[in-house]
Amino acid sequence: MTSFAVINPATEEVVRSVALTSAEETDTAIARARAAFPAWRAVSPGDRARLLRRFADAVEGDIENLAQLEVTNSGHTIGNARWEAGNVRDVLNYYSASPERLIGKQIPVPGGVNLTFAEPLGVVSVIVPWNFPMPIAGWGFAPALAAGNTVVLKPAELTPLTAIRLGELAREAGIPEDVFQVLPGKGSVVGQRFVDNPAVRKVVFTGSTEVGKQIMAGCAAQVKRVTLELGGKNANIVFADADLEKAAARAPYGVFDNAGQDCCARSLILVQASAYDKFMELLEPAVKGVVVGDPGLEATEMGPLISAQHKQKVSSYISSDSPVAFRGSAPEGDGFWFPPTVVTPSGLQDPLASDEIFGPVVAVVRFEDEADAVKMANHTEYGLSGSIWTRDVGRALRVSRGVEAGNLSVNSHSSVRYWTPFGGFKQSGLGRELGPDAVDAFTETKNVFISTEE
Ligand code: NAD
């Protein structure tokens, strides 16, 4: 197979055929990225910053086009897709402030001067999943480029269109040829070369925990640097003292956004037993009110799943015996539609409560007290995100400290701001992206001692 037919998941129509990069072509691209590295790292910090800001401006000028591409390729709602393109612009602008600030230290030592330098790594590779093609690409390439690395990026097979466009925009903005290359292709071919080719000094991987483990094992052979952003089964903990109306009204958007295809989806709602009945009563109209349909329409809140195969996987969790409490709506006919679905498994041993289903399915389970809630939230091997709803500030902080996850929100479902760190505990990942420190992960610290002996 040398090309891949990109399908619109809302209509099942073929959008475009995209050529798949071969292993040989990947190695050639890596060699070109390596050759481009010395000149790119030598670009003065101010000029590198200016180029990144120009790239951000080019993205800004193309937001509507990028957003429409994502609606067509991924079935994202137009509102979300505009936010995602804007996130790439913002992340580029944020890290455009880094080149002039990659400062080292002068450390007092006897007999000389000791300096540290933040050196770029060389060629950095970025492997992107299909669920957020634009933001996840930007979280990798923007800080990597800012630190003086050259970048090869592989979008997911299913969703290459916006990444290809971002590559064109980089060129139009003046980022030199070969400094940022987009290589559509298969994980087992292009992604595997990123892991195996020794000229690649780091792999930034976002995707499933299963593939992430293989990448980490592959990178170990060369002690290759790796950042992993993997799966999640995230708890939304609702205490009886919370604003239950607000908690119930917001809960659907904490899990059904992007049709539940979100590593941060709060797909396990833990509700304090004394508030359970009231919460479920309030949740039902909120779930039934989620507007599911044509992702190109402004009012739409949830689109289709990404593919027929993924729909099959999500559907396999729901049968006539499943403990379905209630469901929202979804269009009939063409498109990979699946309605928002609320299930009430009897405990956490049920796969509905413990698997990352990655679709619009949420499990609601009761808990008794605070200790119980923390224990239940931590029962999973994952540790990515979570939410805590309570009016008690002390409890909010205790539970936030107790839940083993990288990104928590209190009385909200927010996980991602480009200027705050993002990443997972346990099997949800390794390392952090975004925020003030992400550039450090794209540098090595070099220590130099200069003798002042006569
Ligand atoms: P996936 O692991 O199947 O694929 C992710 C990427 O890896 C794709 O580009 C794929 O082509 C590539 N790949 C596959 N096999 C490879 C191999 N052997 N070597 C190198 N690359 C390979 O994941 P997916 O189905 O595209 O994405 C969904 C998963 O991503 C979910 O588990 C989700 O939780 C996770 N995710 C995590 C985050 C986070 O930040 N923690 C964000 C988004 C998605």
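Model, not experiment: these values are computed from the prediction. Numbering of ligands and ligand atoms starts at 1, following listing order. Note that the numbering runs from 1 along the sequence shown for the chain.
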For this session: Could you please provide the protein residues found below 4.0 Å of ligand 1 on a heavy-atom basis, arranged by chain and number?
Result: I127, V128, P129, W130, N131, I136, K154, P155, A156, E157, G187, G191, Q192, F205, T206, G207, S208, V211, Q214, I215, E229, L230, G231, C263, E356, F358, L384, F422
Seminar exercise, completed: For E404, the side chain to side chain donor-acceptor pair (under 3.5 Å) test, sequence neighbours excluded, returns K426
Exercise. Going by an N to O cut-off under 4.0 Å, is there a salt bridge joining R82 and E298?
Worked result: yes
Problem set entry | Main-chain N/O of L158 paired with N73 side-chain donor or acceptor, under 3.5 Å |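 Checking the backbone N and O of L158 against the side chain of N73, a donor-acceptor pair under 3.5 Å is found.
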For this session: Output every pair passing ring pair (Phe, Tyr, Trp, His ring centres under 6.0 Å) with a member in residues 189-229, not counting sequence neighbours, ordered by first then second residue.
Result: none
For this session: Any ring pair (Phe, Tyr, Trp, His ring centres under 6.0 Å) involving residues 137-168? Give me the pairs, sequence neighbours left out, ordered by first then second residue.
Result: F55-F141, W139-F422, F141-F180
For this session: Would you verify whether the NZ or CZ of R327 falls within 45 degrees of the ring axis of F338 while also being under 6.0 Å from that six-membered ring's centre?
Result: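 Judged by the rule, R327 and F338 form a cation-pi pair.
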